[in-house]
Amino acid sequence: MDWNLFGCARRGHVTYAPDEPQLRDRLMAPAAGGTAWRCLRCGVFVAGGPRGGGPAAAAPLIRRGKELRSELILRVFAVERFLRFLIVGGAAYGAWRFTSDRAGIQRAYDHALPAIRALYTDLGFNVSHSKLLGLVHHAFALSPRLLTLLAAGLALYALIELAEAVGLWLGQRWGEYLAAAATSIFLPYEIYDLTGKITWLRIAALVINLLLVIYLVWTRRLFGVRGGKAACEARLRSASVIEEEQAALTAPRKAMARLEERAGAPFPDPTPAGPATEPAEAHSTPATTSQTPEEDREKLHA
């Protein structure tokens with residue numbers, strides 16, 4: 001799969017007109033409708049004017065190839081983080097409502113309890129062993145201050161999940177750091193939670209969080225791993241279309257410099273010299289053959 005074309009299909013082409021004349025000529029081409037400019041992501045020439053311009057050093061860093069695939073994987077984690085935000089945010093809202101109107105909620109619960117018990121019985125569950133009903137009964141026994149702290153804690157956790165989702169979706173480095181740090185903090189608790197009881201939901205949550213931390217730290221080079229931010233930006237620049245064209249322009253000069261360094265002296269100017277002037281002797285009349293002695297004597301007597 002060509003991730004560059006996939007990225008341009010979703011976001012559109014990115015064209016740029018550098019100020020450097022030679023580099024500018026390599027990124028443009030004549031077309032039937034005018035001038036076509038090379039896309040910095042997929043590399044194809046696109047008709048129409050460039051979207052931006054300026055010095056080559058100021059050109060935007062466009063994610064290409066594996067970087068686009070990595071961005072898609074991070075967005076999958078971002079969706080998972082957003083779902084967590086909805087669940088935890090709903091729990092925080094429920095705790096807050098429970099704190100502000102405990103009496104009304106308890107009356108509604110007592111009124112619906114017979115129907116809940118009947119539903120449990122019809123489904124074949126033992127009501128006395130229900131953890132959900134036990135949790136509700138335990139919540140009614142909590143103090144208002146503790147419920148307020150619980151609601152605030154859940155709301156804070158929900159906001160952290162939302163910030164992680166936004167940062168990962170936008171591909172921001174601060175979002176990657178926040179996701180790695182926040183997820184790592186809760187890993188010890190999740191491991192400890194598995195020691196009490198092993199469930200598929202807990203195992204899945206632990207595996208997802210472990211994969212996210214390992215993936216972020218290794219592939220996104222967080223916390224200085226594999227060169228850190230500098231190496232990450234260098235990788236983006238090395239895959240840039242502008243960098244490739246600049247390298248193509250400077251390659252002959254660098255090759256000539258290496259050859260001169262090996263030879264120990266600069267090479268002569270390769271400009272062809274004018275036509276060499278032939279010596280005058282080449283255009284002179286060839287000498288005649290010497291006469292014989294008999295012919296010389298006849299001329300003297302005459």
Side-chain angles (χ1 to χ4, degrees), residues 72-170 172 175-176 178-213 215-216:
L72 181 62
I73 294 175
L74 290 180
R75 288 196 168 185
V76 172
F77 284 113
V79 171
E80 187 265 340
R81 263 19 189 194
F82 185 74
L83 293 177
R84 287 194 182 194
F85 159 73
L86 294 178
I87 296 173
V88 179
Y93 176 75
W96 175 75
R97 286 295 306 271
F98 188 80
T99 304
S100 59
D101 191 18
R102 177 188 297 199
I105 294 176
Q106 187 165 6
R107 286 195 300 270
Y109 173 74
D110 292 338
H111 179 73
L113 186 58
I116 295 175
R117 291 180 180 274
L119 178 61
Y120 267 75
T121 303
D122 293 339
L123 294 176
F125 294 105
N126 191 346
V127 179
S128 59
H129 294 164
S130 174
K131 292 186 176 181
L132 178 61
L133 295 182
L135 181 63
V136 172
H137 290 148
H138 180 68
F140 284 126
L142 296 177
S143 63
R145 180 174 177 274
L146 187 58
L147 285 174
T148 302
L149 292 176
L150 178 62
L154 290 174
L156 178 62
Y157 182 66
L159 291 177
I160 292 175
E161 294 294 326
L162 179 61
E164 291 181 33
V166 172
L168 293 177
W169 184 267
L170 298 178
Q172 298 296 318
E176 297 169 358
L178 178 61
T183 306
S184 299
I185 291 174
F186 291 99
L187 284 179
Y189 172 76
E190 293 181 0
I191 295 174
Y192 172 77
D193 201 24
L194 280 176
T195 60
K197 184 178 181 180
I198 298 177
T199 63
W200 287 110
L201 183 61
R202 294 178 181 179
I203 293 176
L206 178 62
V207 169
I208 290 174
N209 289 334
L210 276 175
L211 289 177
L212 177 60
V213 172
Y215 183 81
L216 286 174

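- Nearest approach of Phe77 to Ile208, heavy atoms of both residues: CE2-O, 4.0 Å.
- Put simply, CD on Glu190 and CD1 on Ile185 are 12.0 Å apart, with the number rounded to the nearest 0.5 Å.
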Donor-acceptor list for residues 194-203 side chains, cut-off 3.5 Å, not counting sequence neighbours:
{"unit_1": "Thr195", "atom_1": "OG1", "unit_2": "Tyr192", "atom_2": "O", "d": "2.3"}
{"unit_1": "Thr199", "atom_1": "OG1", "unit_2": "Arg202", "atom_2": "N", "d": "3.3"}
{"unit_1": "Arg202", "atom_1": "NE", "unit_2": "Asp193", "atom_2": "OD2", "d": "3.3"}
{"unit_1": "Arg202", "atom_1": "NH1", "unit_2": "Asp193", "atom_2": "O", "d": "3.1"}
{"unit_1": "Arg202", "atom_1": "NH1", "unit_2": "Lys197", "atom_2": "O", "d": "2.8"}

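- Here the straight-line distance linking atom CG of Leu206 with atom CZ of Phe186 works out to 14.0 Å at 0.5 Å rounding.
- Expressed to the nearest 0.5 Å, how far CD1 of Ile191 lies from CG of Leu210 amounts to 6.5 Å.
- Looking at every heavy atom in both residues, Ala92 comes nearest to Ala155 through CB-N, 3.5 Å.
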Working for side chain to side chain contact (heavy atoms under 4.5 Å, CB included), residues Leu211 and Val207: CA-CA 6 Å; Leu211 289 177; Val207 169; 3.9 Å; yes
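- A heavy-atom distance below 4.5 Å is found between the side chains of Tyr215 and Ile73.
- Counting heavy atoms from C-beta on, the side chains of Leu216 and Leu212 come closer than 4.5 Å.
- Considering CG of Leu149 and CG of Leu154, their distance stands at 11.0 Å, rounded to 0.5 Å.
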List the atom pairs, donor and acceptor, that lie under 3.5 Å between side-chain atoms in residues 156-166 and the rest of the protein, sequence neighbours left out.
{"unit_1": "Tyr157", "atom_1": "OH", "unit_2": "Glu161", "atom_2": "OE2", "d": "3.2"}
{"unit_1": "Glu164", "atom_1": "OE1", "unit_2": "Arg81", "atom_2": "NE", "d": "2.9"}

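- Not a single salt bridge (Lys or Arg N to Asp or Glu O under 4.0 Å) links Arg97 to another residue, sequence neighbours left out.
- Taking 4.5 Å as the limit, every side-chain heavy atom of Leu178 sits out of range of all side-chain heavy atoms of Leu168.
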